[in-house]
Amino acid sequence: SAAEAGLYTSSDQIIVLSPENVESVVVNSTAATVVQFYLSWCGHCIDFSPHYKNLARDIREWQPAVQLAAVDCSAEENKEICTTYGVKVFPVIMFFPAYSKAGTVGSIDKGLPHDVQRLRHMVIDKLEAHSDPWPPACPPLEPISQTEVDSFFETNKVQNLALIFENPDSYIGREVTLDLLQFDNIAVRRVLSTEEALVNKLGVTEFPSCYLYYPSGNFTRLIVNYEARTFYSYALQGLKGLVRSGKPPVVNVNVTASSSERQWKSFNRSSVYMADLEAALHYSLRMEVAAHTVIKGDEMISLKNYVNALAKYFQGRPMVVNLLKNLNSWLQNQTGDEISYEAFKEILDNTAQSPDSALPKSRGWVGCQGSQQNFRGYPCGVWTLFHVLTVQASNANGSDPQEVLTAMRGYVRRFFGCRYCANHFEHMAEESMSKVETLSSAVLWLWSSHNIVNNRIAGSVSEDPEFPKIQWPSPATCPSCHTVSRRGDHEWNRDEVLSFLKFHFSSDRILTDYLD
Ligand code: FAD
């Protein structure tokens, strides 16, 4: 279909326009819409597509105010859309203000920088030029004055006002304002360095810098490693008492736990727990694989790869390691077209009863506990398990850099119960897994793919408010993982991230609490 042939899918967080949805997306929408018109076969369009995808990820938090869309004008069925809007050269970006009327042709931008910072600034310029009616989800972007600050809390029902002091040509204040727009109980406004009254009142000497201003009239400077957009946004989003709009307020987990039947197990958030890894194995091998009474074809290949990776790289309790090795030798010896889950289960449950080989039944999640029953648990265990395996494979100097990723990809595709997750994961794997050429880049690929998922599902119904989805690890968790480019944009220090991952997921740091 055209959607598959095109350069974008909805998992890129870009709305794929078609004759069926174009009206509802572009006409009378509460959000402003950026539409890229492209031809799937044109080289410039193909070259531009990774930058457009980066932009979508970068401004994901802005979605209620401004959304990104794309239409493939080389697909027959879209021809009429493209003619209606009079687009003849590609790629081109058109900006549709919120509440655009049918037939409105958006304003055009032909120069499309291959640079997420410039693209982001372009979006802000467009938003600022937006005439009435302003997109309701979009906070004010103009600078605030001393008078407005003085009466701010009389008219705004928030406890936190973040003021970003900056030079007039800086975009940081507006970027952070938009980054925080989905969070309640905070407003972010920019203050120009020329606003002397305020600058003097707070004693501001550095531009940019960020201050928190409270209803009492007190203020404090926000401490960050770099005075840059992403660092402000991380710090502000992590403030105590802040929640996303529409989410219940964060409650103390211990309180929640005592009111439920489950027993809350206290744990250290910066540790990995063997109990979670074993629980993930238990659930995967006894529940998910069990849903397939007969395993054959691609499922058989995937299961073999998965169990092989476990047998090779899982460094757990000796009895679990032995069990996985036994299971693997049995499985690899199955040369027929299919096996039954019953036969697999017999080996898995070690009915021969040798005491030094077993996968114990799980006694519940520890580091993967959710603040409520329906949060976290198994998917958290799956991520953790595979991060541990990629790190272990890299320590063990495995010969195939993609071995663990292939095992994960196959397992997720054939067995992982969340179909929607599996499709998205497969899409990511298809797009970029082939570029993994070293064991280290396999560790980083999984980290970065996990962050893409975090980015996409931040704020969704499945997010545990106690464990918000962030781009991980935060500057607070790993300061050296984060840096800024010459032009002041956030950058990951990938070497440092790699060291951090190898440390965080290393076998000798895994805690064995709550195991029998
Ligand atoms: P998780 O995201 O499960 O992370 C577990 C732990 O890993 C975190 O607590 C943190 O310590 C660490 N961590 C976080 N980010 C990273 C990183 N980038 N690198 C290394 N470690 C990290 N849910 C959906 O709603 N939609 C989806 O499309 C979707 N796709 C998924 C695909 C796969 C393959 C998997 C395994 C899960 C998917 N899920 C999806 C579930 C979702 O990603 C979470 O696992 C789930 O919401 C539980 O979240 P959590 O808070 O426990 O954190």
Side-chain angles (χ1 to χ4, degrees), residues 9-13 57 60 234 244 247 250 253 267-273 276-277 279-281 283-284 288 302 306 365-391 394 404-430 433 441-474 476-478 481-482 492 494 496-506 509-511:
T9 73
S10 61
S11 66
D12 298 316
Q13 307 192 69
R57 225 174 278 153
R60 194 245 171 224
Y234 262 116
R244 280 175 188 276
K247 287 254 163 186
V250 173
V253 274
F267 68 96
N268 180 342
R269 287 196 187 207
S270 53
S271 293
V272 173
Y273 287 82
D276 290 325
L277 300 177
L281 290 176
Y283 189 94
S284 129
E288 252 171 8
S302 299
Y306 173 52
W365 305 101
V366 179
C368 282
Q369 278 169 113
S371 64
Q372 286 171 43
Q373 196 93 50
N374 54 326
F375 290 137
R376 308 192 75 224
Y378 181 58
C380 168
V382 172
W383 282 120
T384 312
L385 175 65
F386 282 102
H387 287 300
V388 165
L389 293 178
T390 55
V391 165
S394 117
V404 172
L405 298 183
T406 304
M408 178 173 184
R409 180 181 182 174
Y411 182 81
V412 167
R413 179 162 183 192
R414 305 292 167 194
F415 297 100
F416 194 50
C418 168
R419 282 295 87 201
Y420 174 85
C421 306
N423 292 341
H424 283 302
F425 191 77
E426 177 56 26
H427 177 69
M428 279 194 298
E430 216 170 71
M433 214 181 94
S441 65
V443 176
L444 286 169
W445 185 87
L446 194 57
W447 159 76
S448 140
S449 301
H450 191 171
N451 268 344
I452 292 175
V453 175
N454 292 343
N455 173 280
R456 182 157 43 76
I457 65 180
S460 70
V461 285
S462 64
E463 178 181 61
D464 188 332
E466 282 282 348
F467 297 85
K469 309 275 181 224
I470 56 157
Q471 292 300 286
W472 188 92
S474 71
T477 306
C478 177
C481 291
H482 301 262
W492 290 100
R494 294 173 73 87
E496 292 290 332
V497 171
L498 180 63
S499 311
F500 177 81
L501 294 169
K502 286 184 153 193
F503 166 77
H504 183 81
F505 293 108
S506 75
R509 273 191 83 242
I510 298 177
L511 299 179

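In what follows, residues are counted from 1 in the order of the sequence shown. Order of appearance sets the numbers: ligands from 1, and atoms from 1 within every ligand. Below, all heavy atoms of this structure are taken into account, side chains as well, without hydrogens, waters or symmetry copies.
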Legend entry - Heavy atom of the protein closest to atom 15 (N) of ligand 1 (residue, atom name, distance): Asn454 ND2, 3.0 Å
Legend entry - Tyr273 side chain vs Cys368 backbone, donor-acceptor pair below 3.5 Å: no
Inset, instruction - May I ask you to check whether Trp383 has an N/O atom sitting below 3.5 Å from an N/O atom of ligand 1? - result: yes
Inset, instruction - Given ring pair (Phe, Tyr, Trp, His ring centres under 6.0 Å), test Trp365 with Phe267 step by step and report yes or no. - result: CA-CA 10 Å; Trp365 305 101; Phe267 68 96; over 10 Å; no
Legend entry - ligand 1 contacted by Phe375 (non-hydrogen, < 4.0 Å): no
Legend entry - Nearest-0.5 Å distance that lies between atom CZ in Phe503 and atom CD in Glu496: 13.0 Å
Legend entry - Those atoms of ligand 1 less than 4.0 Å from some heavy atom in His424: 28 (O)
Inset, instruction - For atom 6 (C) of ligand 1, find the nearest protein heavy atom and state the residue, atom name and distance (0.1 Å precision). - result: Cys380 SG, 4.2 Å
Legend entry - Among Arg269, His504, Arg456, closest by any non-hydrogen atom to atom 28 (O) of ligand 1: Arg456
Legend entry - Spacing of CG belonging to Asp12 relative to CZ belonging to Arg57, to within rounding of 0.5 Å: 7.5 Å
Inset, instruction - Show which atoms of ligand 1 fall inside a sub-4.0 Å distance from at least one heavy-atom site of Val382. - result: 36 (C)
Legend entry - Exercise: do Glu288 and Tyr411 side chains pair donor with acceptor under 3.5 Å: yes
Legend entry - Protein residue, atom and distance nearest to atom 26 (N) of ligand 1, heavy-atom basis: Ile457 CG2, 3.4 Å
Legend entry - Closest protein heavy atom (residue, atom, distance) for atom 9 (O) of ligand 1: Arg376 NH2, 3.1 Å
Inset, instruction - State the atoms of ligand 1, each with its element, that fall below the 4.0 Å cut-off from a heavy-atom position in Val453. - result: 29 (C), 30 (N), 43 (O)
Inset, instruction - I would like to know whether Trp472 and Trp383 meet ring pair (Phe, Tyr, Trp, His ring centres under 6.0 Å); could you show each step before the answer? - result: CA-CA 13 Å; Trp472 188 92; Trp383 282 120; over 10 Å; no
Inset, instruction - Return yes or no for this condition: an N or O of Tyr420 is under 3.5 Å from an N or O of ligand 1. - result: no
Inset, instruction - Keeping the roles fixed (side chain from Arg376, backbone from Gln373), state whether a donor-acceptor pair exists under 3.5 Å. - result: no
Inset, instruction - Give the ring-plane orientation class for Tyr283 versus Tyr378, where under 30° counts as parallel, over 60° as perpendicular and anything between as tilted. - result: tilted
Inset, instruction - Check each of Phe500, Trp472, Phe467 against atom 21 (N) of ligand 1 and report the one with the nearest heavy atom. - result: Trp472
Legend entry - Ionic contact status for Glu430 with Arg413, cut-off 4.0 Å: no
Legend entry - Step-by-step ring pair (Phe, Tyr, Trp, His ring centres under 6.0 Å) determination, Tyr234 to His482: CA-CA 11 Å; Tyr234 262 116; His482 301 262; 5.4 Å; yes
Legend entry - atom 41 (C) of ligand 1: nearest protein contact (heavy atom, Å): Pro379 CB, 3.7 Å
Legend entry - Heavy-atom nearest neighbour in the protein, as seen from atom 25 (O) of ligand 1, with distance rounded to 0.1 Å: Ser462 OG, 3.5 Å
Legend entry - Short side-chain donor-acceptor distance under 3.5 Å, His504 and His387: no
Legend entry - Min heavy-atom dist Phe386 to ligand 1 below 4.0 Å: no
Inset, instruction - Return yes when Cys368 approaches ligand 1 closer than 4.0 angstrom through a heavy atom, no otherwise. - result: no
Legend entry - Option among Val497, Val391, Leu389 that satisfies the side chain to side chain contact (heavy atoms under 4.5 Å, CB included) test with Val443: Val391
Legend entry - Lys469, any N or O under 3.5 Å of ligand 1 N or O: yes
Legend entry - Distance from atom 1 (P) of ligand 1 to nearest protein heavy atom, with residue and atom: His450 NE2, 3.6 Å
Inset, instruction - Report the nearest protein non-hydrogen atom to atom 31 (C) of ligand 1: residue, atom name, distance rounded to 0.1 Å. - result: Cys421 CB, 3.3 Å
Legend entry - Option of least heavy-atom distance to atom 34 (C) of ligand 1 (set: Phe425, Tyr411, Phe505, Trp447): Phe425
